[in-house]
Amino acid sequence: MYGNAPKDLGLIDLSPTEMMFWLYCPIKTPGHWAETVPENLKQFEPLVEAVFNDISSDSVLRWRDSYVYLTAKRIFASPGAPGNRLGWHADGFGTNDLNYIWYDANPTIFWVPQKPVSLSKDHTVSMTEMAWWASRPPGFQRRYTNKHLLRLDSSVIHAVEPDVKTGMRTFVKVSVSEKPYALEGNSVNHKLGLNWTYAPRAVERNCPIKGTAA
């Protein structure tokens, strides 16, 4: 069932200033407890620590046995160029992945109906269904306060705000998965030295769980 609300883990007051674009950079591999974070991303370690604490409250072994990825974008946003791909979707669709997001401007929109709905298991069909549900009255659209860390499982339907306020926007995502995210163009953590085979990116919205780990 889809349309559940994210879990609000509260304020984490960071104030990044450097423009950057890191996409699904691996910072931890299964079988390890500690992260290996590139220097430019260490400013986001308070977010990673909060994710660890949240997961550990359920199962500390899930943290040990998972890959952890860090996405960090600080770019200039404007109407028509909000910084993330437009459209309703669910991160980790069809998986048990967890994604934690944080932003400092232009809040993400969440579709939270009174009762969750069922969707097709097909990625493309499901996004058409999400758009249809989200367009039906009443809106059930919800926004959360800037600089709050939000936990999303694969049932949380959301979209980037298309009518953004022009200016700098920081968006950070910590992704926790049992699978390698190995798509061409994803950021490489040279400190980890992973020997992965990267799969080509597609024109349509990409599921990040592709490619293989050696």
Side-chain angles (χ1 to χ4, degrees), residues 9-77 83-85 91-93 95-105 108 147-154 168-202 205-214:
L9 298 178
L11 174 69
I12 299 182
D13 192 8
L14 306 178
S15 297
T17 59
E18 177 188 5
M19 292 187 74
M20 61 176 62
F21 193 107
W22 294 76
L23 183 64
Y24 292 122
C25 179
I27 61 171
K28 195 192 80 65
T29 55
H32 299 87
W33 292 100
E35 317 90 56
T36 301
V37 182
E39 291 299 320
N40 293 52
L41 296 178
K42 285 185 178 294
Q43 60 187 307
F44 303 116
E45 285 184 329
L47 300 175
V48 178
E49 181 179 355
V51 169
F52 169 77
N53 290 336
D54 182 67
I55 290 179
S56 298
S57 67
D58 293 331
S59 171
V60 70
L61 294 182
R62 180 167 188 181
W63 175 267
R64 184 198 66 183
D65 296 338
S66 295
Y67 291 96
V68 180
Y69 305 89
L70 187 53
T71 294
K73 305 177 187 179
R74 180 166 173 80
I75 58 179
F76 190 84
N84 284 351
R85 188 180 294 192
D91 289 357
F93 183 81
T95 73
N96 66 346
D97 291 5
L98 293 174
N99 287 277
Y100 296 75
I101 68 170
W102 180 98
Y103 44 78
D104 61 5
T108 295
K147 297 191 175 183
H148 278 225
L149 183 64
L150 306 176
R151 169 177 165 160
L152 286 59
D153 63 24
S154 61
M168 298 299 297
R169 180 182 190 251
T170 310
F171 173 83
V172 182
K173 178 161 66 173
V174 181
S175 303
V176 181
S177 176
E178 61 186 18
K179 301 292 186 180
Y181 286 6
L183 282 178
E184 289 180 355
N186 284 0
S187 296
V188 175
N189 188 340
H190 296 280
K191 289 185 175 182
L192 290 181
L194 299 175
N195 184 23
W196 285 2
T197 299
Y198 289 87
R201 304 189 80 85
R205 184 180 294 276
N206 280 276
C207 172
I209 305 175
K210 293 184 179 178
T212 58

- Task: If a pair satisfies salt bridge (charged side-chain N to carboxylate O under 4.0 Å, His left out) and one of its residues is in residues 21-45, list it, with sequence neighbours excluded.
- Result: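 For residues 21-45: Glu39-Lys191, Lys42-Glu45.
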Under a 4.5 Å cut-off applied to non-hydrogen side-chain atoms, are [X] and [Y] in contact?
| X | Y | value |
| --- | --- | --- |
| Ile27 | Pro38 | yes |
| Leu14 | Pro46 | yes |
| Asp153 | Leu98 | yes |
| Asn186 | Arg201 | yes |
| Val37 | Val48 | no |
| Phe171 | Ile75 | no |

Quick one: side-chain contact (heavy atoms from CB on, under 4.5 Å) partners of [X], sequence neighbours excluded?
| X | result |
| --- | --- |
| Glu178 | Asn96 |
| Ala50 | Ile12, Leu149 |
| Ser187 | Trp22, Leu23, Cys25 |
| Pro30 | Tyr67 |

- Item | Residues Leu70, Val174; criterion side chain to side chain contact (heavy atoms under 4.5 Å, CB included); working and verdict | CA-CA 5 Å; Leu70 187 53; Val174 181; 3.7 Å; yes
Between [atom1] of [X] and [atom2] of [Y], what distance do you get to the nearest 0.5 Å?
| X | Y | atom1 | atom2 | value |
| --- | --- | --- | --- | --- |
| Met168 | Asp104 | CE | CG | 9.0 Å |
| Phe21 | Lys73 | CZ | NZ | 4.0 Å |
| Asp65 | His32 | CG | NE2 | 12.0 Å |

Under the rule for side chain to side chain donor-acceptor pair (under 3.5 Å), what residues qualify as partners of [X], not counting sequence neighbours?
| X | value |
| --- | --- |
| Asn40 | Glu18 |
| Lys173 | Tyr24, Asp91 |
| Thr71 | none |
| Lys147 | Asp13, Ser15 |

- If you look at every heavy atom in Phe44 and Met20, which pair is closest and at what distance?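 Closest approach of Phe44 to Met20, heavy atoms only: CE1-SD, 3.8 Å.
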- Message: Which heavy atom of Thr170 sits nearest to which heavy atom of Pro16, and what is that distance?
- Response: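 Result for this residue pair: CG2-CG, 3.8 Å.
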- Message: Whether the Tyr69 and Asp97 side chains hold a donor-acceptor pair (N or O, under 3.5 Å, no angle test) is what I'd like checked.
- Response: no
- Quick check: does any side chain N or O of Ser66 sit under 3.5 Å from a backbone N or O of Val68, one acting as donor and the other as acceptor? no
- Query: With sequence neighbours left out, which residue pairs that include part of residues 52-63 fulfil the side chain to side chain donor-acceptor pair (under 3.5 Å) condition?
  - Reply: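 Only Lys7-Asp54, Asp54-Tyr100, Asp54-Arg151, Asp58-Arg151 qualify under side chain to side chain donor-acceptor pair (under 3.5 Å).
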